[in-house]
2 protein chains.
Amino acid sequence: MENSFTEENYLKAIYKLSRRTNGGVSTNALAERMDTKASSVTDMLKRLSSKKLVDYQKYQGVTLTDKGLKVAVDIIRKHRLWEVFLVEHLGFGEHEVHDVAEQMEHVSSPLLVERLDKFLNHPKYDPHGGPIPDADGKFPAPTRVKLDELPVGKQSKVLGVTEHSDSFLAYLKKVGLDLGQQFTLIDRHDFDRSVDLLLNGEPLHVSHEVARHIFVSN
Amino acid sequence: MENSFTEENYLKAIYKLSRRTNGGVSTNALAERMDTKASSVTDMLKRLSSKKLVDYQKYQGVTLTDKGLKVAVDIIRKHRLWEVFLVEHLGFGEHEVHDVAEQMEHVSSPLLVERLDKFLNHPKYDPHGGPIPDADGKFPAPTRVKLDELPVGKQSKVLGVTEHSDSFLAYLKKVGLDLGQQFTLIDRHDFDRSVDLLLNGEPLHVSHEVARHIFVSN
DNA sequence: TACATGATTTAGATGAGTCTAAAAATAAAT
DNA sequence: ATTTATTTTTAGACTCATCTAAATCATGTA
Ligand SMILES: [Mn+2]
Ligand SMILES: [Mn+2]
Ligand SMILES: [Mn+2]
Ligand SMILES: [Mn+2]
(Lines give C-alpha, C1' and ligand atoms only; values in the text may rest on other atoms or scores of the structure.)
(Ligands and ions follow the chains in the order given, each with its own letter.)
Protein backbone atom coordinates (compact mmCIF):
# COMPACT_ATOMS: atom_id res chain seq x y z
CA MET A 1 0.00 0.00 0.00
CA GLU A 2 3.04 2.19 0.32
CA ASN A 3 5.12 3.38 -2.61
CA SER A 4 8.71 4.40 -2.05
CA PHE A 5 10.05 7.75 -3.25
CA THR A 6 11.98 5.90 -5.90
CA GLU A 7 8.90 4.11 -7.17
CA GLU A 8 7.00 7.38 -7.28
CA ASN A 9 9.78 9.05 -9.24
CA TYR A 10 9.84 6.22 -11.75
CA LEU A 11 6.07 6.36 -12.22
CA LYS A 12 6.25 10.09 -12.84
CA ALA A 13 9.07 9.62 -15.33
CA ILE A 14 7.14 6.92 -17.19
CA TYR A 15 4.14 9.22 -17.30
CA LYS A 16 6.11 12.14 -18.71
CA LEU A 17 7.98 10.08 -21.28
CA SER A 18 4.82 8.36 -22.45
CA ARG A 19 3.19 11.73 -23.16
CA ARG A 20 5.61 12.20 -26.04
CA THR A 21 5.93 8.70 -27.45
CA ASN A 22 3.26 6.40 -28.74
CA GLY A 23 3.50 2.90 -27.33
CA GLY A 24 5.55 1.89 -24.32
CA VAL A 25 8.46 3.74 -22.79
CA SER A 26 11.86 2.16 -23.44
CA THR A 27 14.23 1.00 -20.74
CA ASN A 28 17.01 3.21 -22.03
CA ALA A 29 14.83 6.33 -22.17
CA LEU A 30 13.91 5.73 -18.57
CA ALA A 31 17.50 5.07 -17.55
CA GLU A 32 18.54 8.35 -19.13
CA ARG A 33 15.77 10.31 -17.45
CA MET A 34 16.32 8.73 -14.04
CA ASP A 35 20.06 9.14 -14.36
CA THR A 36 20.64 5.47 -13.63
CA LYS A 37 21.60 2.26 -15.42
CA ALA A 38 19.39 0.21 -17.73
CA SER A 39 19.83 -2.83 -15.51
CA SER A 40 18.47 -0.92 -12.53
CA VAL A 41 15.49 0.15 -14.61
CA THR A 42 14.74 -3.44 -15.55
CA ASP A 43 14.77 -4.41 -11.87
CA MET A 44 12.44 -1.58 -10.97
CA LEU A 45 10.04 -2.33 -13.80
CA LYS A 46 9.68 -5.87 -12.49
CA ARG A 47 8.91 -4.50 -9.04
CA LEU A 48 6.38 -1.99 -10.35
CA SER A 49 4.83 -4.68 -12.50
CA SER A 50 4.41 -7.03 -9.54
CA LYS A 51 2.62 -4.19 -7.75
CA LYS A 52 0.33 -3.78 -10.78
CA LEU A 53 1.47 -0.21 -11.28
CA VAL A 54 2.76 -0.80 -14.82
CA ASP A 55 2.23 -3.20 -17.69
CA TYR A 56 5.59 -4.63 -18.58
CA GLN A 57 6.89 -7.51 -20.59
CA LYS A 58 10.51 -7.83 -21.39
CA TYR A 59 11.88 -6.12 -24.47
CA GLN A 60 8.46 -4.52 -25.07
CA GLY A 61 8.77 -1.30 -23.06
CA VAL A 62 6.42 -0.23 -20.28
CA THR A 63 3.11 1.59 -19.85
CA LEU A 64 1.25 2.73 -16.74
CA THR A 65 -1.79 0.82 -15.51
CA ASP A 66 -4.79 2.83 -14.35
CA LYS A 67 -3.51 2.40 -10.84
CA GLY A 68 -0.01 3.59 -11.79
CA LEU A 69 -1.42 6.52 -13.72
CA LYS A 70 -3.38 7.62 -10.69
CA VAL A 71 -0.25 7.61 -8.55
CA ALA A 72 1.81 9.47 -11.16
CA VAL A 73 -0.79 12.19 -11.64
CA ASP A 74 -1.16 12.62 -7.90
CA ILE A 75 2.59 13.15 -7.53
CA ILE A 76 2.48 15.74 -10.30
CA ARG A 77 -0.44 17.44 -8.55
CA LYS A 78 1.51 17.67 -5.33
CA HIS A 79 4.70 18.80 -7.06
CA ARG A 80 2.96 21.67 -8.81
CA LEU A 81 0.88 22.76 -5.84
CA TRP A 82 4.03 23.03 -3.73
CA GLU A 83 5.72 25.03 -6.46
CA VAL A 84 2.84 27.49 -6.39
CA PHE A 85 3.16 27.74 -2.62
CA LEU A 86 6.89 28.31 -2.74
CA VAL A 87 6.64 31.08 -5.32
CA GLU A 88 3.49 32.82 -4.16
CA HIS A 89 3.92 32.61 -0.40
CA LEU A 90 7.58 32.04 0.38
CA GLY A 91 9.00 34.33 -2.29
CA PHE A 92 11.00 31.72 -4.17
CA GLY A 93 12.12 32.47 -7.71
CA GLU A 94 10.66 30.26 -10.43
CA HIS A 95 13.97 28.54 -11.01
CA GLU A 96 14.53 27.78 -7.32
CA VAL A 97 11.45 25.70 -6.67
CA HIS A 98 11.80 22.53 -8.68
CA ASP A 99 14.34 20.66 -6.56
CA VAL A 100 12.47 21.42 -3.35
CA ALA A 101 9.16 20.37 -4.91
CA GLU A 102 10.86 17.17 -6.04
CA GLN A 103 11.12 16.32 -2.34
CA MET A 104 7.82 17.76 -1.11
CA GLU A 105 5.83 15.84 -3.71
CA HIS A 106 6.50 12.67 -1.72
CA VAL A 107 4.94 13.86 1.52
CA SER A 108 1.97 11.57 1.91
CA SER A 109 -1.20 13.07 3.36
CA PRO A 110 -4.40 13.45 1.32
CA LEU A 111 -5.67 15.93 3.90
CA LEU A 112 -2.57 18.05 3.48
CA VAL A 113 -2.91 18.17 -0.29
CA GLU A 114 -6.54 19.20 -0.22
CA ARG A 115 -5.96 21.87 2.39
CA LEU A 116 -2.94 23.20 0.52
CA ASP A 117 -5.00 23.31 -2.67
CA LYS A 118 -7.70 25.29 -0.89
CA PHE A 119 -5.15 27.61 0.74
CA LEU A 120 -3.73 28.36 -2.71
CA ASN A 121 -7.23 28.97 -4.13
CA HIS A 122 -7.26 25.91 -6.35
CA PRO A 123 -4.63 27.06 -8.83
CA LYS A 124 -4.84 25.63 -12.35
CA TYR A 125 -1.22 26.20 -13.37
CA ASP A 126 2.14 26.06 -11.62
CA PRO A 127 4.72 28.87 -11.84
CA HIS A 128 6.17 27.39 -15.04
CA GLY A 129 2.72 27.25 -16.62
CA GLY A 130 2.34 23.50 -16.06
CA PRO A 131 -1.28 22.44 -15.62
CA ILE A 132 -2.28 21.14 -12.17
CA PRO A 133 -4.61 18.13 -12.13
CA ASP A 134 -7.51 18.28 -9.67
CA ALA A 135 -8.19 15.82 -6.86
CA ASP A 136 -9.75 13.40 -9.37
CA GLY A 137 -6.70 13.52 -11.60
CA LYS A 138 -8.35 15.63 -14.31
CA PHE A 139 -6.19 18.29 -15.95
CA PRO A 140 -7.66 21.73 -16.71
CA ALA A 141 -9.13 22.06 -20.21
CA PRO A 142 -6.25 23.05 -22.46
CA THR A 143 -6.73 26.77 -23.12
CA ARG A 144 -3.21 26.77 -24.40
CA VAL A 145 -1.11 25.62 -27.28
CA LYS A 146 2.55 25.60 -28.22
CA LEU A 147 3.65 28.79 -29.98
CA ASP A 148 4.61 26.76 -33.08
CA GLU A 149 1.00 25.63 -33.42
CA LEU A 150 -0.76 28.98 -33.00
CA PRO A 151 -2.76 30.12 -36.06
CA VAL A 152 -1.52 33.15 -38.04
CA GLY A 153 -3.24 36.41 -37.11
CA LYS A 154 -4.07 35.28 -33.61
CA GLN A 155 -3.50 37.58 -30.66
CA SER A 156 -2.13 35.67 -27.68
CA LYS A 157 0.07 35.78 -24.60
CA VAL A 158 2.89 33.76 -23.09
CA LEU A 159 1.66 31.24 -20.48
CA GLY A 160 4.63 29.02 -19.82
CA VAL A 161 7.59 27.04 -21.08
CA THR A 162 8.59 23.40 -21.36
CA GLU A 163 12.32 24.05 -21.22
CA HIS A 164 13.81 25.46 -18.04
CA SER A 165 17.49 25.84 -18.77
CA ASP A 166 19.09 29.08 -17.71
CA SER A 167 20.19 29.87 -21.25
CA PHE A 168 16.68 29.44 -22.63
CA LEU A 169 15.08 31.56 -19.93
CA ALA A 170 17.75 34.23 -20.35
CA TYR A 171 17.04 34.30 -24.08
CA LEU A 172 13.31 34.79 -23.52
CA LYS A 173 13.97 37.61 -21.11
CA LYS A 174 16.33 39.26 -23.59
CA VAL A 175 13.86 39.26 -26.49
CA GLY A 176 10.96 40.24 -24.23
CA LEU A 177 8.94 37.04 -24.21
CA ASP A 178 8.26 37.15 -20.47
CA LEU A 179 5.43 35.28 -18.81
CA GLY A 180 2.18 37.12 -19.49
CA GLN A 181 3.62 39.09 -22.43
CA GLN A 182 1.00 39.79 -25.09
CA PHE A 183 1.71 39.55 -28.82
CA THR A 184 0.21 38.80 -32.21
CA LEU A 185 1.43 36.04 -34.52
CA ILE A 186 1.79 37.78 -37.87
CA ASP A 187 3.47 35.16 -40.05
CA ARG A 188 4.70 31.59 -40.21
CA HIS A 189 7.53 30.28 -42.43
CA ASP A 190 7.02 26.70 -43.51
CA PHE A 191 10.57 26.07 -44.69
CA ASP A 192 12.06 26.28 -41.17
CA ARG A 193 8.84 26.45 -39.12
CA SER A 194 9.88 29.78 -37.64
CA VAL A 195 7.31 32.46 -36.76
CA ASP A 196 7.08 36.25 -36.76
CA LEU A 197 5.48 38.02 -33.83
CA LEU A 198 4.51 41.58 -33.13
CA LEU A 199 4.99 42.55 -29.51
CA ASN A 200 4.75 46.06 -28.12
CA GLY A 201 4.64 47.30 -31.71
CA GLU A 202 8.00 45.70 -32.52
CA PRO A 203 8.49 42.71 -34.83
CA LEU A 204 10.22 39.61 -33.47
CA HIS A 205 11.44 36.55 -35.33
CA VAL A 206 11.33 33.29 -33.36
CA SER A 207 12.87 30.00 -34.46
CA HIS A 208 10.93 26.77 -34.30
CA GLU A 209 13.35 25.44 -31.70
CA VAL A 210 12.34 28.26 -29.40
CA ALA A 211 8.64 28.38 -30.37
CA ARG A 212 8.06 24.73 -29.66
CA HIS A 213 9.04 25.25 -26.00
CA ILE A 214 6.61 28.10 -25.32
CA PHE A 215 3.01 27.72 -24.21
CA VAL A 216 0.66 30.49 -25.31
CA SER A 217 -3.09 31.16 -24.97
CA ASN A 218 -5.43 30.35 -27.86
CA MET B 1 27.11 14.46 3.48
CA GLU B 2 23.58 13.17 3.29
CA ASN B 3 21.67 11.72 6.22
CA SER B 4 18.81 9.32 5.57
CA PHE B 5 15.38 9.86 7.11
CA THR B 6 16.07 6.95 9.41
CA GLU B 7 19.33 8.43 10.62
CA GLU B 8 17.62 11.76 11.23
CA ASN B 9 14.85 10.11 13.20
CA TYR B 10 17.37 8.25 15.34
CA LEU B 11 19.32 11.43 16.05
CA LYS B 12 16.15 13.20 17.09
CA ALA B 13 15.19 10.30 19.35
CA ILE B 14 18.63 10.29 20.98
CA TYR B 15 18.32 14.00 21.54
CA LYS B 16 14.92 13.75 23.18
CA LEU B 17 15.81 10.80 25.38
CA SER B 18 19.05 12.41 26.52
CA ARG B 19 17.13 15.49 27.74
CA ARG B 20 15.65 13.40 30.53
CA THR B 21 18.52 11.10 31.46
CA ASN B 22 22.00 11.99 32.59
CA GLY B 23 24.68 10.05 30.77
CA GLY B 24 24.21 8.17 27.53
CA VAL B 25 20.98 6.88 26.08
CA SER B 26 20.51 3.13 26.33
CA THR B 27 20.01 0.80 23.41
CA ASN B 28 16.74 -0.50 24.78
CA ALA B 29 15.30 2.96 25.42
CA LEU B 30 16.06 3.81 21.84
CA ALA B 31 14.60 0.57 20.55
CA GLU B 32 11.40 1.25 22.44
CA ARG B 33 11.13 4.81 21.15
CA MET B 34 11.93 3.89 17.56
CA ASP B 35 9.59 0.92 17.71
CA THR B 36 12.30 -1.44 16.53
CA LYS B 37 14.60 -4.14 17.87
CA ALA B 38 17.66 -3.61 20.04
CA SER B 39 19.84 -5.34 17.47
CA SER B 40 18.73 -2.88 14.81
CA VAL B 41 19.60 -0.04 17.15
CA THR B 42 23.09 -1.41 17.70
CA ASP B 43 23.62 -1.56 13.93
CA MET B 44 22.44 2.00 13.49
CA LEU B 45 24.57 3.31 16.34
CA LYS B 46 27.64 1.87 14.64
CA ARG B 47 26.69 3.61 11.43
CA LEU B 48 26.02 6.94 13.15
CA SER B 49 29.27 6.58 15.04
CA SER B 50 31.26 6.00 11.85
CA LYS B 51 29.71 9.20 10.51
CA LYS B 52 30.83 11.04 13.69
CA LEU B 53 27.26 11.91 14.56
CA VAL B 54 27.30 10.11 17.92
CA ASP B 55 29.82 8.96 20.51
CA TYR B 56 29.27 5.29 21.02
CA GLN B 57 31.13 2.44 22.59
CA LYS B 58 29.51 -0.85 23.19
CA TYR B 59 27.55 -1.42 26.40
CA GLN B 60 28.10 2.25 27.33
CA GLY B 61 25.07 3.90 25.73
CA VAL B 62 25.23 6.74 23.23
CA THR B 63 25.48 10.53 23.19
CA LEU B 64 25.30 13.04 20.35
CA THR B 65 28.45 14.70 19.07
CA ASP B 66 28.32 18.43 18.33
CA LYS B 67 27.73 17.51 14.73
CA GLY B 68 24.91 15.12 15.63
CA LEU B 69 23.35 17.64 17.98
CA LYS B 70 23.26 20.21 15.23
CA VAL B 71 21.43 17.82 12.93
CA ALA B 72 18.94 16.79 15.63
CA VAL B 73 18.10 20.35 16.58
CA ASP B 74 17.68 21.32 12.96
CA ILE B 75 15.19 18.50 12.44
CA ILE B 76 13.26 19.65 15.50
CA ARG B 77 13.29 23.21 14.16
CA LYS B 78 11.82 22.07 10.87
CA HIS B 79 9.27 19.81 12.53
CA ARG B 80 7.93 22.58 14.71
CA LEU B 81 7.94 25.25 12.02
CA TRP B 82 5.88 23.00 9.76
CA GLU B 83 3.45 22.33 12.60
CA VAL B 84 2.95 26.06 13.00
CA PHE B 85 2.33 26.37 9.28
CA LEU B 86 -0.17 23.52 9.23
CA VAL B 87 -2.20 24.90 12.12
CA GLU B 88 -2.03 28.61 11.40
CA HIS B 89 -2.31 28.57 7.63
CA LEU B 90 -3.87 25.30 6.54
CA GLY B 91 -6.40 25.01 9.34
CA PHE B 92 -5.16 21.72 10.78
CA GLY B 93 -6.17 20.77 14.31
CA GLU B 94 -3.36 20.49 16.82
CA HIS B 95 -3.65 16.71 16.98
CA GLU B 96 -3.56 16.30 13.19
CA VAL B 97 -0.19 17.85 12.51
CA HIS B 98 2.42 15.63 14.11
CA ASP B 99 2.46 12.76 11.62
CA VAL B 100 2.62 15.11 8.66
CA ALA B 101 5.40 17.14 10.29
CA GLU B 102 7.24 13.89 10.93
CA GLN B 103 7.56 13.65 7.14
CA MET B 104 8.05 17.32 6.30
CA GLU B 105 10.91 17.66 8.78
CA HIS B 106 13.07 15.64 6.39
CA VAL B 107 12.72 17.97 3.41
CA SER B 108 16.22 19.28 2.94
CA SER B 109 16.60 22.91 1.90
CA PRO B 110 18.13 25.55 4.15
CA LEU B 111 16.58 28.24 1.97
CA LEU B 112 13.14 26.73 2.45
CA VAL B 113 13.47 26.63 6.23
CA GLU B 114 14.57 30.24 6.51
CA ARG B 115 11.83 31.47 4.20
CA LEU B 116 9.22 29.44 6.01
CA ASP B 117 10.45 30.85 9.33
CA LYS B 118 10.13 34.36 7.96
CA PHE B 119 6.69 33.66 6.46
CA LEU B 120 5.53 32.47 9.88
CA ASN B 121 7.01 35.55 11.58
CA HIS B 122 9.75 33.69 13.43
CA PRO B 123 7.51 31.80 15.86
CA LYS B 124 9.07 30.80 19.19
CA TYR B 125 6.69 27.94 20.03
CA ASP B 126 4.88 25.27 18.07
CA PRO B 127 1.13 24.57 18.44
CA HIS B 128 1.81 22.18 21.35
CA GLY B 129 3.91 24.81 23.11
CA GLY B 130 7.20 23.19 22.13
CA PRO B 131 10.04 25.74 21.82
CA ILE B 132 11.42 26.31 18.30
CA PRO B 133 15.21 26.65 18.04
CA ASP B 134 16.48 29.45 15.82
CA ALA B 135 18.72 29.06 12.77
CA ASP B 136 21.76 28.78 15.06
CA GLY B 137 20.16 26.03 17.10
CA LYS B 138 19.46 28.21 20.13
CA PHE B 139 16.20 27.63 21.95
CA PRO B 140 14.13 30.60 23.22
CA ALA B 141 14.88 31.60 26.82
CA PRO B 142 12.66 29.46 29.03
CA THR B 143 9.84 31.73 30.18
CA ARG B 144 8.04 28.61 31.26
CA VAL B 145 8.02 25.94 33.87
CA LYS B 146 6.17 22.68 34.49
CA LEU B 147 2.91 23.17 36.38
CA ASP B 148 4.22 20.97 39.20
CA GLU B 149 7.05 23.44 39.79
CA LEU B 150 5.06 26.68 39.78
CA PRO B 151 5.16 28.63 43.10
CA VAL B 152 1.97 28.87 45.15
CA GLY B 153 0.01 32.09 44.63
CA LYS B 154 1.36 32.66 41.15
CA GLN B 155 -0.97 33.67 38.34
CA SER B 156 -0.09 31.87 35.13
CA LYS B 157 -1.38 30.40 31.87
CA VAL B 158 -1.11 27.14 29.98
CA LEU B 159 1.61 27.20 27.33
CA GLY B 160 1.98 23.60 26.23
CA VAL B 161 2.17 19.93 27.04
CA THR B 162 4.80 17.20 26.96
CA GLU B 163 2.32 14.35 26.52
CA HIS B 164 0.27 14.18 23.35
CA SER B 165 -1.95 11.14 23.78
CA ASP B 166 -5.57 11.55 22.84
CA SER B 167 -6.72 10.63 26.32
CA PHE B 168 -4.50 13.22 27.96
CA LEU B 169 -5.56 15.99 25.61
CA ALA B 170 -9.22 15.02 25.99
CA TYR B 171 -8.84 15.22 29.75
CA LEU B 172 -7.35 18.71 29.57
CA LYS B 173 -10.16 19.85 27.34
CA LYS B 174 -12.72 18.41 29.71
CA VAL B 175 -11.39 20.16 32.80
CA GLY B 176 -10.82 23.41 30.92
CA LEU B 177 -7.02 23.50 30.82
CA ASP B 178 -6.86 24.57 27.18
CA LEU B 179 -3.84 26.22 25.66
CA GLY B 180 -3.70 29.86 26.76
CA GLN B 181 -6.08 29.30 29.68
CA GLN B 182 -5.29 31.61 32.61
CA PHE B 183 -5.37 30.42 36.19
CA THR B 184 -3.89 30.95 39.66
CA LEU B 185 -2.11 28.25 41.64
CA ILE B 186 -3.73 28.43 45.07
CA ASP B 187 -2.29 25.43 46.89
CA ARG B 188 0.13 22.54 46.66
CA HIS B 189 -0.15 19.20 48.51
CA ASP B 190 3.19 17.71 49.33
CA PHE B 191 1.95 14.22 50.18
CA ASP B 192 0.94 13.42 46.57
CA ARG B 193 2.40 16.50 44.83
CA SER B 194 -1.03 17.47 43.51
CA VAL B 195 -2.01 21.14 43.08
CA ASP B 196 -5.16 23.26 43.37
CA LEU B 197 -5.89 25.86 40.75
CA LEU B 198 -8.47 28.57 40.39
CA LEU B 199 -9.61 29.09 36.84
CA ASN B 200 -12.54 31.21 35.76
CA GLY B 201 -13.48 31.53 39.42
CA GLU B 202 -13.81 27.75 39.80
CA PRO B 203 -11.44 25.57 41.84
CA LEU B 204 -9.71 22.65 40.09
CA HIS B 205 -7.67 19.83 41.59
CA VAL B 206 -4.85 18.51 39.40
CA SER B 207 -2.79 15.39 40.09
CA HIS B 208 0.98 15.42 39.86
CA GLU B 209 0.83 12.97 36.97
CA VAL B 210 -1.12 15.56 34.99
CA ALA B 211 0.69 18.64 36.30
CA ARG B 212 4.12 17.38 35.34
CA HIS B 213 3.09 17.23 31.68
CA ILE B 214 1.87 20.82 31.45
CA PHE B 215 4.03 23.83 30.63
CA VAL B 216 2.89 27.13 32.15
CA SER B 217 4.20 30.70 32.18
CA ASN B 218 6.18 31.94 35.16
C1' DT C 1 32.13 -15.25 45.07
C1' DA C 2 28.98 -17.34 42.10
C1' DC C 3 24.26 -17.35 39.80
C1' DA C 4 20.51 -15.57 37.74
C1' DT C 5 18.55 -12.04 35.11
C1' DG C 6 18.27 -8.56 31.99
C1' DA C 7 20.61 -5.62 28.64
C1' DT C 8 23.38 -5.61 24.72
C1' DT C 9 25.90 -7.27 20.91
C1' DT C 10 27.00 -10.65 17.23
C1' DA C 11 25.84 -13.85 13.50
C1' DG C 12 23.31 -14.78 9.74
C1' DA C 13 19.37 -13.73 6.71
C1' DT C 14 16.17 -10.75 3.97
C1' DG C 15 14.44 -7.06 0.75
C1' DA C 16 15.06 -2.62 -1.69
C1' DG C 17 17.75 -0.32 -4.75
C1' DT C 18 21.84 0.12 -7.02
C1' DC C 19 26.15 -1.21 -9.79
C1' DT C 20 29.42 -3.78 -13.40
C1' DA C 21 30.16 -7.24 -16.61
C1' DA C 22 28.41 -10.58 -19.50
C1' DA C 23 24.70 -12.88 -22.11
C1' DA C 24 20.60 -12.66 -24.95
C1' DA C 25 17.23 -10.50 -27.90
C1' DT C 26 16.07 -7.16 -31.28
C1' DA C 27 16.93 -4.02 -34.97
C1' DA C 28 19.84 -2.31 -38.66
C1' DA C 29 23.05 -2.93 -42.34
C1' DT C 30 25.29 -5.31 -45.69
C1' DA D 1 19.95 -14.04 -45.10
C1' DT D 2 24.01 -13.12 -42.48
C1' DT D 3 26.51 -10.19 -39.96
C1' DT D 4 26.86 -6.18 -37.02
C1' DA D 5 25.29 -2.93 -33.78
C1' DT D 6 22.12 -1.55 -30.31
C1' DT D 7 18.99 -2.44 -26.69
C1' DT D 8 17.67 -5.02 -22.98
C1' DT D 9 18.00 -8.52 -19.59
C1' DT D 10 20.52 -11.64 -16.39
C1' DA D 11 24.07 -12.81 -12.96
C1' DG D 12 26.46 -11.60 -9.14
C1' DA D 13 27.86 -8.23 -5.82
C1' DC D 14 27.30 -4.20 -2.70
C1' DT D 15 25.02 -0.88 0.91
C1' DC D 16 21.28 0.30 4.06
C1' DA D 17 18.01 -0.99 7.28
C1' DT D 18 15.75 -4.42 9.23
C1' DC D 19 14.73 -9.11 11.54
C1' DT D 20 15.42 -13.65 14.63
C1' DA D 21 18.20 -16.48 17.30
C1' DA D 22 22.19 -17.13 19.78
C1' DA D 23 26.13 -15.45 22.39
C1' DT D 24 28.16 -12.16 25.59
C1' DC D 25 28.40 -8.53 29.07
C1' DA D 26 26.90 -6.25 33.43
C1' DT D 27 24.74 -6.34 37.73
C1' DG D 28 22.19 -7.30 41.69
C1' DT D 29 21.27 -10.95 44.87
C1' DA D 30 22.21 -14.97 47.34
MN1 LIG E 1 8.91 21.36 -11.21
MN1 LIG F 1 10.62 13.44 -6.49
MN1 LIG G 1 5.12 17.13 16.69
MN1 LIG H 1 10.53 12.04 10.95
Side-chain angles (χ1 to χ4, degrees), chain A residues 1-14 17-18 20-64 68 71-72 75 102-103 105-106 108, chain B residues 1-14 17-18 20-64 68 71-72 75 102-103 105-106 108:
Chain A
M1 213 71 235
E2 278 299 289
N3 303 311
S4 71
F5 287 19
T6 310
E7 286 170 338
E8 291 182 347
N9 286 334
Y10 267 94
L11 291 172
K12 200 174 61 162
I14 294 167
L17 289 172
S18 68
R20 292 293 163 199
T21 61
N22 37 359
V25 174
S26 79
T27 299
N28 264 5
L30 220 32
E32 162 111 8
R33 175 140 191 146
M34 298 297 294
D35 195 29
T36 186
K37 295 296 149 68
S39 56
S40 303
V41 172
T42 300
D43 284 352
M44 178 55 84
L45 293 183
K46 287 176 182 170
R47 257 191 301 269
L48 293 174
S49 181
S50 79
K51 294 178 77 170
K52 309 277 187 211
L53 291 164
V54 302
D55 287 320
Y56 167 69
Q57 45 221 51
K58 48 166 109 168
Y59 296 104
Q60 298 310 124
V62 68
T63 55
L64 294 173
V71 175
I75 301 297
E102 200 58 47
Q103 298 180 64
E105 69 187 1
H106 304 291
S108 174
Chain B
M1 214 72 241
E2 278 299 291
N3 303 311
S4 70
F5 287 18
T6 309
E7 286 169 339
E8 291 181 347
N9 286 333
Y10 267 94
L11 292 172
K12 200 174 59 162
I14 294 167
L17 289 172
S18 69
R20 292 294 163 197
T21 62
N22 37 358
V25 174
S26 79
T27 300
N28 264 7
L30 218 33
E32 161 111 9
R33 175 140 191 145
M34 299 296 296
D35 194 29
T36 187
K37 296 296 150 66
S39 57
S40 303
V41 172
T42 301
D43 283 352
M44 178 55 84
L45 293 183
K46 288 177 183 169
R47 238 169 293 145
L48 293 175
S49 181
S50 79
K51 294 178 78 170
K52 309 277 187 213
L53 291 164
V54 301
D55 287 321
Y56 167 71
Q57 44 222 52
K58 46 166 111 168
Y59 297 103
Q60 298 310 124
V62 69
T63 55
L64 294 173
V71 175
I75 302 296
E102 200 58 48
Q103 297 180 63
E105 69 187 1
H106 304 291
S108 173

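Chain letters run A, B, ... following the sequence lines, proteins first, then strands; residues in each count from 1. Treat the numbers as computed from the prediction; the structure is a model and nothing was measured. Just so you know, these numbers use all the heavy atoms, side chains as well, and skip hydrogens, waters and symmetry mates.
Within 4.0 Å (heavy atoms only), B:T42 reaches at least one base atom of the nucleic acid. Residue contacts shown for A:Y10 are limited to sugar-phosphate atoms, with no base heavy atom under 4.0 Å away. Nucleic acid contact class of B:S40 (heavy atoms, under 4.0 Å, all strands): base. Among the protein residues, A:Q60 comes within range of no part of the nucleic acid, since none of its heavy atoms lies under 4.0 Å from any strand.
In this structure, the CG atom of B:L48 is 15 Å from the C1' atom of D:dT18, given to the nearest Å. At whole-Å resolution of the value, CG in B:D43 and P in C:dT9 are 10 Å apart. Remark: C1' of D:dT27 and OH of B:Y59 are 13 Å apart, rounded to the nearest angstrom. Here the P atom of nucleotide C:dT9 and the CE atom of B:M44 are 14 Å apart, to the nearest Å. Rounded to whole Å, the distance from CE on B:M34 to P on D:dC19 is 10 Å. Rounded to an integer number of Å, the gap from CZ of A:F5 to C1' of C:dT18 is 18 Å. As a whole-Å value, the separation of A:D35 CG from C:dT18 C1' is 12 Å.
Distance from the side chain of A:K37 is smallest to C:dT20 among D:dT20, D:dT8, C:dT20.
Contact annotation: B:N28 side-chain N/O to C:dG6 OP1/OP2 distance is not under 4.0 Å. Between C:dG17 and A:S4, a contact under 4.0 Å exists linking OP1 or OP2 to a side-chain N or O. In terms of phosphate contacts, A:K46 brings a side-chain nitrogen or oxygen within less than 4.0 Å of OP1 or OP2 of D:dT10. In terms of phosphate contacts, B:K58 brings a side-chain nitrogen or oxygen within less than 4.0 Å of OP1 or OP2 of C:dT10. The phosphate of D:dA17 (OP1 or OP2) has a side-chain N or O of B:R47 nearer than 4.0 angstrom.
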Applying side chain to side chain contact (heavy atoms under 4.5 Å, CB included), run through A:E105 and A:N9 and close with a yes or a no. CA-CA 10 Å; A:E105 69 187 1; A:N9 286 334; 3.2 Å; yes

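At a cut-off of 3.5 angstrom, counting only N and O atoms as typed in the model, there is no donor on one side facing an acceptor on the other between the side-chain of B:T6 and the base of D:dT18. Donor-acceptor pairing under 3.5 Å, judged by distance alone, is present between the side chain of B:S39 and the base of D:dT20.
Counting heavy atoms from C-beta on, the side chains of A:V71 and A:N3 come closer than 4.5 Å. B:K12 places none of its side-chain heavy atoms less than 4.5 Å from the side chain of B:R33.
For the pairing with B:L48, the side-chain contact (heavy atoms from CB on, under 4.5 Å) check across B:M44, B:K52, B:K46 returns one residue only, B:M44.
A donor-acceptor pair is defined here as one N or O able to donate and one able to accept, closer than 3.5 Å; such a pair exists between the side chain of A:Q103 and the backbone of B:S108.
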